[in-house]
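Step one of this worksheet: look at the structure below.
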Amino acid sequence: MKIISYNVNGIRAASTKNFFGWLQAANADMVCLQEVKAMPLQIPEIIGLIEQLGYHHYWFPAEKKGYSGVAILTKIKPTHVEYGCGEEWIDKEGRILRADFDDFSLMSLYMPSGSSGDERQVKKYEFMKFFDVYIGKLRKEIPSLIVSGDYNICHTSIDIHNPKSNANSSGFLPEEREWMQLFLDNGFIDTFRYFNQDPHHYTWWSYRAGSRGKNLGWRIDYHLATKPMEGRLRNVRILPDAIHSDHCPVLLEMD
């Protein structure tokens, strides 16, 4: 089974860069999208392309048009889909969507960024605190869970191109990195690092100064899996040659 997580930075913009040709070739069983920046009613042609590729599709857009939003595409029909998390401000921003299957659940997550200023950084910390409690309760109901998406956090110094100069940057702050470590210590596996301990593997690059061509990036997109999923994990690859966004996809292969 192949599961892809991809922050597309606008599904409409990505579709103009042969995103759907790439998606067809990738032939994933399930795809978690973040930052879709569209409501289904706005994109009938895109919905048609998704259905032509054989996917059931579920969307949880933000109330604000052209902002945030998550989706799940899946060739296996879920037994249940959970839209949002019940926290009003988070749900208004379209950040959490979950699909349940017979033997595991898959969540598409788009964590807030704090890079625009102190106010959003405070909201990011608020989200992180809420998410800890939310996931703790959810795992009691659903022990086999994969949370895929854009966490907007680099975990360790090998996950960012210049850790010293970015030590005070949102996304690499000590409090954020500590949160990620505690989240993993509480029973999640960073599936990419489970298979690959090498540096210079990134999933996001600034549009400035030719960062992507120089591979000056950040690894902020993850498939985090609960410990009961460990025996099913087979491989994880970052796919930097897919260029439809300032992010690239991450592919998880599992039994």
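Just so you know, residue 1 is the first one in the sequence shown, and it goes up from there. Note that the structure is predicted; figures quoted are calculated from it, not measured.
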More than 12 heavy atoms of other groups within 6.0 Å of [X] [atom1]:
X	atom1	answer
K129	NZ	no
Q197	CD	yes
Q181	CD	yes
N168	CG	no
Q42	CD	yes
D185	CG	yes

Flag, side chain of [X] to backbone of [Y], donor-acceptor distance under 3.5 Å:
X	Y	value
S148	H223	no
E126	V122	no
N196	F192	no
D91	C85	yes
S157	P163	no
Y222	I153	yes
T79	D100	yes
R98	L106	no
N152	G171	no

Determine, using the 4.5 Å side-chain heavy-atom cutoff (strictly less than), whether [X] and [Y] are members of one ILVMFWY cluster.
X	Y	value
V8	L239	yes
L33	L97	no
I47	I72	no
I146	L184	no
Y125	I90	yes

Any non-hydrogen side-chain atom of [X] less than 4.5 Å from a side-chain atom of [Y]?
X	Y	answer
S206	D246	no
I189	K227	yes
H200	D198	no
R219	R193	yes
I46	R12	yes
T226	F104	no
N215	Y202	yes
T156	M180	no

- Message: Using the rule given for side-chain hydrogen bond (donor to acceptor under 3.5 Å, both in side chains), can you reason through E230 versus Y194, listing the C-alpha separation, both sets of side-chain angles and the distance that settles it, and then say yes or no?
- Response: CA-CA 9 Å; E230 183 174 6; Y194 187 82; 2.9 Å; yes
Going by the angle between their ring planes, with limits at 30° and 60°, are [X] and [Y] parallel, tilted or perpendicular?
X	Y	result
Y58	H56	parallel
W218	W204	perpendicular
W22	Y6	perpendicular
F60	Y83	tilted

- Task: Begin from the C-alpha positions of M1 and R234 and carry the test side chain to side chain contact (heavy atoms under 4.5 Å, CB included) through to its verdict.
- Result: CA-CA 9 Å; M1 178 179 287; R234 288 296 167 258; over 6 Å; no
- Message: Under a 4.0 Å threshold between the charged nitrogen and the carboxylate oxygen, would K92 count as salt-bridged to E88?
- Response: yes
- Would F183 and H155 satisfy side chain to side chain contact (heavy atoms under 4.5 Å, CB included), going step by step from the backbone distance to the final call? CA-CA 11 Å; F183 195 77; H155 179 209; over 6 Å; no
- Query: Regarding K75 and N27, is there a side-chain donor-to-acceptor distance under 3.5 Å anywhere?
  - Reply: yes
- Task: For side-chain hydrogen bond (donor to acceptor under 3.5 Å, both in side chains), just list the numbers for S68 and E93, CA-CA rounded to whole Å, side-chain angles, deciding distance to a tenth of an Å, and then say yes or no.
- Result: CA-CA 6 Å; S68 187; E93 294 188 2; 5.7 Å; no
Nearest heavy-atom neighbours spanning [X] and [Y]:
X	Y	answer
A38	P61	O-CB, 3.6 Å
K124	S170	NZ-OG, 3.9 Å
F195	N235	CZ-N, 3.5 Å
F20	S15	CE1-CB, 3.7 Å

- If you round to the nearest 0.5 Å, how far is NZ of K37 from NZ of K64? 10.0 Å
- For the pair F131 and V147, evaluate side chain to side chain contact (heavy atoms under 4.5 Å, CB included) and give the outcome as yes or no after the intermediate values. CA-CA 11 Å; F131 198 64; V147 183; 4.0 Å; yes
